[in-house]
There are 2 protein chains.
Amino acid sequence: MQPPSPSEMAVLKTLWNEGALSAREVHARLGGPQDWSYSTTRTLISRMVEKGLVSRRDSHGLAVFAPALSKAAVLSGMVRRFSAQVFDLDAPLPASAFAGSPLLDDDDLAELETLLEQEGGEEEN
Amino acid sequence: MQPPSPSEMAVLKTLWNEGALSAREVHARLGGPQDWSYSTTRTLISRMVEKGLVSRRDSHGLAVFAPALSKAAVLSGMVRRFSAQVFDLDAPLPASAFAGSPLLDDDDLAELETLLEQEGGEEEN
DNA sequence: AGGGGTATGTTACAGATGTAGCGAACCTGT
DNA sequence: ACAGGTTCGCTACATCTGTAACATACCCCT
């Protein structure tokens, strides 16, 4: 799994929140802080489809996008990469460190914990 | 502070360990896992000098490089960026999560903790 | 039928990163 | 004085990321 870039993370967060959105909707939700042109938003989404980070569905002629992977799956991957890369750690960080994240409810946190505890990266699936 | 890229982190780790090294020496220490050409190692080091990540000193005609920032300074920055970017967290992660890192002795860990606890990013200094 | 708005695919371009080669200058042993 | 090894500064080039425009095709209203 190619990791999402920072901008791509922003898009993913929106999709995790809202489920499935058209490009226009994604753009609207990102509105304030990102300040991209609509074109930019669309380019990001396309690249994410290529990377397999989001899936594209055609709803009555309109393209609608949804996350291809769960929050926990992506985040656990990011955490693993980070701790290996930066700290040479291969034992996982405790999921509890991320409680407090506005992205995660209790279920998400539990799932993240499970994924972080599993030995070894997830390989392909 | 521009964050070090993954490859640059590898170089920094070597320098934190060994103190100050010539390009040739850095290359030798990285030997196994990285498998770069010597040219690549040198390019990385140069870019890191430009970024202010390492300093260059001239020792009897030979260029010798040393880390420009402490382990704790760099790592705390990385942790902050990561937790903000990925988890929308602005409260800091607990330094204790990184005990166990082969990079950190107790002093490093204490320093890291201090830096992580400080409110707000470090600005310029 | 024509005009206005929207979606989609395609293309562009700069900067960062990974990766590496080239030529000039230099030291050192023969 | 020269060959061989090494350093150093420069250049190159592909890929990824950030950022965006353009040209079509399509739909709806007047």
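Excluded from the calculations below are hydrogen atoms, water molecules and symmetry mates; all remaining heavy atoms, backbone and side chain alike, are included. Lettering of chains follows the sequences in order, A, B, ..., and the numbering in each one begins at 1.
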From C-beta outward on [X], which listed nucleotide comes closest to its side chain: [options]?
{"X": "Arg56(A)", "options": "dT8(C), dG18(D), dA20(D)", "answer": "dT8(C)"}
{"X": "Lys51(B)", "options": "dT17(D), dA20(C), dT17(C)", "answer": "dT17(C)"}
{"X": "Ala63(A)", "options": "dA20(C), dT8(C), dT17(C)", "answer": "dT8(C)"}

Practice problem: Look at the side-chain N and O atoms of Ser46(A) and state whether any lies under 4.0 Å from the OP1 or OP2 oxygen of dT8(C). | Solution: no
Find the distance [X]:[atom1] to [N]:[atom2] and express it as a whole number of Å.
{"X": "Asp58(A)", "N": "dA7(C)", "atom1": "CG", "atom2": "C1'", "result": "11 Å"}
{"X": "Met48(A)", "N": "dG18(D)", "atom1": "CE", "atom2": "P", "result": "11 Å"}
{"X": "Tyr38(A)", "N": "dA21(D)", "atom1": "OH", "atom2": "P", "result": "14 Å"}
{"X": "Leu30(A)", "N": "dT19(D)", "atom1": "CG", "atom2": "P", "result": "12 Å"}
{"X": "Glu8(B)", "N": "dT17(C)", "atom1": "CD", "atom2": "C1'", "result": "8 Å"}
{"X": "Arg47(B)", "N": "dT11(D)", "atom1": "CZ", "atom2": "C1'", "result": "11 Å"}
{"X": "Met9(B)", "N": "dT17(C)", "atom1": "CE", "atom2": "C1'", "result": "16 Å"}
{"X": "Leu62(A)", "N": "dC27(D)", "atom1": "CG", "atom2": "C1'", "result": "12 Å"}

Practice problem: Please evaluate the base of dT11(D) for a donor-acceptor partner in the side chain of Arg42(B) within a cut-off of under 3.5 Å? | Solution: no
Heavy atoms under 4.0 Å, any strand shown: does [X] hit a base, just sugar-phosphate, or nothing?
{"X": "Ala23(B)", "answer": "nothing"}
{"X": "Ser7(B)", "answer": "sugar-phosphate"}
{"X": "Thr40(A)", "answer": "base"}
{"X": "Thr43(B)", "answer": "base"}
{"X": "Arg24(B)", "answer": "sugar-phosphate"}

Quiz item: Mind checking whether Val74(B) and Trp16(B) have side chains closer than 4.5 Å, heavy atoms only?
Solution: yes
Quiz prompt | From Leu112(B) atom CG to Leu115(B) atom CG, the distance as rounded to the nearest 0.5 Å | solution = 7.0 Å
Quiz item: So with a 6.0 Å cut-off around CG of Asp90(B), is the heavy-atom count from everything else above 12?
Solution: no
Quiz prompt | Member of Lys51(B), Arg47(B), Lys13(B) meeting the side chain to side chain donor-acceptor pair (under 3.5 Å) criterion with Glu8(B) | solution = Lys51(B)
Practice problem: Verify, without hydrogens or angle tests, whether Ser37(B) (side chain) and Thr40(B) (backbone) share a donor-acceptor contact under 3.5 angstrom. | Solution: yes
